[in-house]
Structure formats: structure tokens, C-alpha cells
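These values consider heavy atoms only, across backbone and side chains, with no hydrogens, waters or symmetry-generated copies. For reference, positions follow the sequence shown, starting with 1.
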Amino acid sequence: MMAKMGLEFDGMAQLMAKLDRMGASADKAAERALEKTHEVVTERVDAAQGSSRYNVVPGVTGATSGSVHRRPDVEWSGALASVGVGWSIGSGGLPSVFLMYGTPSIAPDRGLYDAVFGAKTRAAVKGAQAETLSLLVAEGGAR
């Protein structure tokens, strides 16, 4: 797995506490927020692949583009939830590491790197998570 993301944003604890007081499932709320996280990152990865100088086009250029996590499989380890994003190393995504970081013979593709790890992506993920949990609070919670 290339990367995993969890829930992290200012005010998260308060929103989760509100959901808990409402009798809503904090686990379901976390899963919905992580599914939204996956959506945000996957859209950015697809866009970055399409504009990559290395011509990584989803569905066209082979195993690397085909290895992007397409399903938001939320995994739980005790009380910690995460979702896989980016390229799956075990499914042909290993070249994405070399494309993002470069090698002695190729320059790194910052667009691919930023699609998963960049500051704008992190900010978009935090905003999407906060929005998702706020909407759940407004709707009465995830059941």
C-alpha cells in the first residue's frame, strides 16, 4: 500500500463528541469521512496522472495507473481507522515511487507526489473530513 490516511483536523474531537451525545455511531461517521478522504485524493491522483510528464494515463498506460486504489476500503486496527489512497505497491504501483521521487536518470514528478502528500491535498482532505462530520452532526448523525 502506498499511503494510508486517517482523520485529523481542528475540531474533530468536538464533532465526534457531539455525534456520541446524539447516540450516533462514531465508527460510521469516521468511515464516511475516510471514504470522502479517499474520493478527494483519488480525484487528485487521476488528475496528476493525466498531466504527468511521464504520460501516466488511467486505464491506458498499464499497471502503474491501474494500481490506484479505486475502492475506499476503510481498515480498523483497534480504535484507529485508515483508508488506503494512491497506488497499491503490490498491484503494480511500485513505479509510482520512482516517478514521485525520481531516480538518477529521471526527475521527480512533483504533481504525482503532491496529489497524495502535498500541502494542498492535506488541506483539501481536512476540509472534506470536517465538512462530512459537520453534515452528519447537522443531519442527526450516522446510524
Shortest non-hydrogen pair, Val40 vs Ala124, comes out as CG1-CB, 3.9 Å
Check against side chain to side chain contact (heavy atoms under 4.5 Å, CB included), Trp87 and Val116:
CA-CA 9 Å; Trp87 299 267; Val116 178; 3.9 Å; yes
With no hydrogens and no angle check, is any side-chain donor or acceptor of Ser67 less than 3.5 Å from a backbone partner on Thr64?
yes
Rounded distance [0.5 Å steps], OG1 in Thr37 versus NZ in Lys126
11.5 Å
Give a yes or no answer on whether the side chain of Thr121 reaches the backbone of Asp114 with a donor-acceptor pair at less than 3.5 Å.
yes
Would a 4.5 Å heavy-atom cut-off, applied to side chains only, mark Leu34 and His38 as touching?
no
Taken to the nearest 0.5 Å, the spacing of Leu99 CG from Ser52 OG works out to 6.0 Å
His69 (side chain) donor-acceptor with Thr42 (main chain) under 3.5 angstrom
no
Check for a donor-acceptor pair, side chain of Arg122 on one end and backbone N or O of Phe117 on the other, with a separation under 3.5 Å.
yes
Do Val74 and Glu35 have side chains that approach each other closer than 4.5 Å (heavy atoms only, starting at C-beta)?
yes
Rounded to the nearest 0.5 angstrom, the CG-NZ distance for Leu133 and Lys36 is 12.5 Å
Hey, could you give me the CH2/CG distance between Trp76 and Asp27, rounded to the nearest 0.5 Å?
4.0 Å
Salt bridge check: are Asp46 and Arg70 linked by an N-O gap of less than 4.0 Å?
yes
Can any side-chain N or O of Ser134 pair as donor or acceptor with the backbone N or O of Ala130 at less than 3.5 Å?
yes
If you measure from OH on Tyr101 to OG on Ser96, what distance do you get to the nearest 0.5 Å?
9.5 Å
Does any non-hydrogen side-chain atom of Val68 lie less than 4.5 Å from one of Gln49?
yes
Applying side chain to side chain contact (heavy atoms under 4.5 Å, CB included) to Lys120 and Arg44, what does each step give before you reach the verdict?
CA-CA 10 Å; Lys120 289 181 182 177; Arg44 289 171 176 265; 4.1 Å; yes
Expected output: side-chain Ser91 to main-chain Ser88 donor-acceptor under 3.5 Å
no
Flag side-chain contact, heavy atom, 4.5 Å: Val97 against Ile89
yes
Spacing of Ser51 atom OG and Asp109 atom CG [to the nearest 0.5 Å]
7.0 Å
